[in-house]
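Worksheet for the structure shown next.
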Number of protein chains: 2
Amino acid sequence: MSSSVSPLAPKNVPDMPVIAGIRLATAEAGIRYKNRTDVLLAVMDKGTAVAGVFTKSKCPSAPVEWCRAKLKGGGSSKKGLARALVVNSGNANAFTGKTGRASTALTAKIAAKAVGCSEGEIFLASTGVIGEPLDATKFDGVLGRLAEAAEPGDYLTAAKAIMTTDTFPKVATATVKLGKARVTINGMAKGAGMIAPDMATMLSFIFTDAPIAPAALQALLKAGVEDTFNAVTIDGDTSTSDTLLAFATGAAAEHGAPKISRASDPRLKAFVKAFNQVLANLSEQVARDGEGARKLVEITVEGAKTKASARKIAMSIANSPLVKTAIAGEDANWGRVVMAVGKAGEPADRDKLSISFNGIRVARSGARDPDYDEAQVSEAMKAPEIAIKVSLGLGKGRDRVLTCDLTKEYVAINGDYRS
Amino acid sequence: MSSSVSPLAPKNVPDMPVIAGIRLATAEAGIRYKNRTDVLLAVMDKGTAVAGVFTKSKCPSAPVEWCRAKLKGGGSSKKGLARALVVNSGNANAFTGKTGRASTALTAKIAAKAVGCSEGEIFLASTGVIGEPLDATKFDGVLGRLAEAAEPGDYLTAAKAIMTTDTFPKVATATVKLGKARVTINGMAKGAGMIAPDMATMLSFIFTDAPIAPAALQALLKAGVEDTFNAVTIDGDTSTSDTLLAFATGAAAEHGAPKISRASDPRLKAFVKAFNQVLANLSEQVARDGEGARKLVEITVEGAKTKASARKIAMSIANSPLVKTAIAGEDANWGRVVMAVGKAGEPADRDKLSISFNGIRVARSGARDPDYDEAQVSEAMKAPEIAIKVSLGLGKGRDRVLTCDLTKEYVAINGDYRS
């Protein structure tokens, strides 16, 4: 783990308000780390709705499989309802075969007993080393104590317990009106390098007191990730364990928040905006904490045939090692951007391309911009935040993704021995 | 450019025989480099067949567009026939707009005059910086002198003239029977880091005296690249200028080689094998000279649903920064291989996966192989050549790709300023 905080870390950490119906507690279970917390238990009041989106990996971790099954109403679960979330860091319980499945089942059993609910109402996430069996007996006792100790919470402390190679804890909050009541949305996430020395996974958890039914919450979450978490890439590598869960306790109904059953409910408008801002804030923090990152890079592609085409081109640029190393070298290397546009396989006309770095146009109409001043661009490239804009001149498709630069530190962090 | 030769360079450079009908010459035209050759002229006898395959980039360089047009019989070209090849290093003439097209036209005009043929029989390739206008007037005079000086060849000297960040020249040769005659196949290539500090492009040129008609040569080339050049990746970035051209003078017909008009001609069997070996040899050398490479990595995927599926999974592994940095760190990190299998999006069953590094199985049936010895694997990972084998257990699809590791040197080479 890195000892120094990313230079791109947010300057201010928000005060995280309490959310009625959610209690948190953390502990040192000694999963892998010493002298730090590595287990988070979140206990929810009865009737809390849950929604989730997960890695698209064809080889997902055991906890991802567990959560997917429970969301579908498998086993003893009450479909779409949750009573507890157990997260551990240090071991991802991924690629652990039958042992992994047994481990999730045992963890859920221990948690259900501790909280007093069915196993199907327990949601799980694990992050850390891949391929090592996770000894769930370590949770025995620990979860019982946590359930008793859980308090309406310290979200920052919770966010610290789920870190692996993250250099800072990631939290975000928003308060917004739903009907005439104020509701709160809290979120936490861990990144960071997408995958660190064997540490896999982006995890994020959102909590709200808004009374939103499971199906509506699921629809909100699915729509919300598209331009937030799904628009962030560190190295193009997809974890086996990526998990984003949202929990809605509904406690705000007591002071007048309307019960929402459909995501399209017009009363939800401000809430959706705030919800998406929390997702955007957290996902940007993940990019800011990319392994070895020294630059936050925003790539905007406009003038594409469609938004999907713009996304694909933006991702091709964001994942290009040559573009990323150039930015690390503070080089406005638009030739590599052209290369990445070209390899995306999407409609593009070389001779209509324009490219700018931090607002300075360096290429237009398929050639170097005759007016651009290399010294001015070089100066602009020293900034910690770099905005690359590509105009294709073909249509109205537009999209934006976030990434970071590729530095020697990334290679050093990921090239170390596991042991 | 790197001053030290890749530790993965072949120990022996083959003696390159003369090929009847091909004459070569090189010069210092001062395109970008000082005190080194940067122009190659290959002059072919009348009636030489030509075939080519090119980058799939949607933003190809001007020379790629030129060659594609001439192969199709555009302009003054005699379809499928070539009289000369002009290659320059130092400037890729890519993303240079109209100026770039004018530059290729002028180069071809100068070359046609020098050789005494039509412009349509001139083939061009450029490699080097992207986005800088290529001053083709520099070829004036130079190409005339080269056409006079051209001799039946020093292929190694020719291969040196087309290098950019390559740390060694790449040549290969094979001699094989076609009918009762012996025919020769010579090839050269340049890589190396796919793209270096602004130096783009993989270029390769194959020469043979076999009498093979253009359409047959094109079919051979297209089939041949599939498991050779198209199965090599350094960083997943695709140059705007990748060019592979094959020239068949037909001179061997004079001593009895049969004229071949169809690629499926059974008399071509041994030739096809030798031809593909030359392609395989050259493409492997490109991988061995990947920027900053310290390990040659062969990735074999078997038991996939189809060969195409195996290729996609193998490429996902080969392009994963996390797999590549792990190999640089001599870490048999099979968890990252699982991750890369999972993200490929192809059919895979986690619980049937087996993975080995240099013959040592580290994972089987979706979990760590209980029998594997970490010390033994760690020792094996110190080798300069690493073979990763993934067995999916789903079908009979099998494929193999070559790549190299991702080192701090790659980041250093590509993170430098352009100037």
Side-chain angles (χ1 to χ4, degrees), chain A residues 55-60 94-97 99-100 129-132 195 198 200 235-240 320-322 325-326 328-331 333-336 338-348 350-351 353 363 365-368 374 406-408 410-412 414-419, chain B residues 55-60 94-97 99 129-132 195 198 200 235-240 319-322 325-326 328-331 333-336 338-348 350-351 353 363 365-368 374 406-408 410-412 414-419:
Chain A
T55 179
K56 286 172 183 160
S57 173
K58 299 282 181 181
C59 300
F95 210 58
T96 42
T99 319
V129 70
I130 295 182
E132 299 285 334
I195 299 195
D198 270 56
D235 50 19
D237 277 344
T238 304
S239 161
T240 54
S320 160
L322 290 167
T325 49
E330 302 190 335
D331 175 12
N333 195 319
W334 56 271
R336 295 186 189 171
V338 177
M339 176 280 300
V341 171
K343 79 165 180 164
E346 290 296 307
R350 188 192 61 198
D351 298 341
L353 270 178
S365 307
R368 187 173 56 188
E374 180 81 34
L406 172 57
T407 65
K408 288 181 200 173
Y410 176 90
V411 178
N414 288 298
D416 285 346
Y417 289 91
R418 271 175 300 170
S419 48
Chain B
T55 178
K56 288 172 183 160
S57 173
K58 299 283 180 181
C59 300
F95 210 58
T96 43
T99 319
V129 70
I130 295 182
E132 299 284 334
I195 299 195
D198 271 56
D235 51 18
D237 276 344
T238 304
S239 161
T240 53
N319 283 326
S320 159
L322 290 167
T325 49
E330 303 191 334
D331 175 11
N333 194 319
W334 55 270
R336 295 186 189 173
V338 177
M339 176 281 300
V341 171
K343 80 165 178 163
E346 290 295 308
R350 188 190 61 198
D351 298 341
L353 271 178
S365 307
R368 187 172 58 187
E374 180 81 32
L406 173 56
T407 65
K408 288 180 200 173
Y410 176 91
V411 178
N414 288 298
D416 285 346
Y417 288 92
R418 271 174 299 170
S419 49

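In what follows, every chain begins at residue 1, and chains take the letters A, B, ... in the order their sequences are listed.
- One distance of note links CG of A:L406 with CG of B:L406; it measures 6.5 Å at 0.5 Å rounding.
- Looking at A:T96, the atoms closer than 4.5 Å to chain B (heavy atoms on both sides) all sit in the backbone: N, CA, C or O.
- Across all non-hydrogen atoms, the minimal contact from B:N414 to A:R336 is O-NH1, 2.8 Å.
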B:E132 and A:R368: CA distance, side-chain angles, deciding distance, salt bridge (Lys or Arg N to Asp or Glu O under 4.0 Å) verdict
CA-CA 7 Å; B:E132 299 284 334; A:R368 187 173 56 188; 3.0 Å; yes

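- When each of B:S320, B:G97, B:P60 is scored by its heavy-atom pairs under 4.5 Å with chain A, the top score falls to B:S320.
- Shortest non-hydrogen contact noted between A:A363 and B:F95 is CB-CE2, 3.8 Å.
- Contacts with chain B were tallied for A:T99, A:L353, A:V341, A:T55; A:L353 has the most, counting heavy-atom pairs under 4.5 Å.
- Annotation: salt bridge (charged side-chain N to carboxylate O under 4.0 Å, His left out) contacts of A:K343 (sequence neighbours excluded): B:D237.
- Applying the salt bridge (charged side-chain N to carboxylate O under 4.0 Å, His left out) test to B:K408 and every residue at least two apart in sequence or in another chain returns nothing.
- The two residues B:V411 and A:V411 make their nearest non-hydrogen contact at CG2-CG2, 3.7 Å.
- Nearest heavy atoms, A:P321 versus B:Y410: CB-OH, 3.5 Å.
- With a 4.5 angstrom heavy-atom cutoff, A:T407 touches chain B only via backbone atoms.
- Pairing each heavy atom of B:C59 with each of A:A348, the nearest pair is SG-CB, 4.4 Å.
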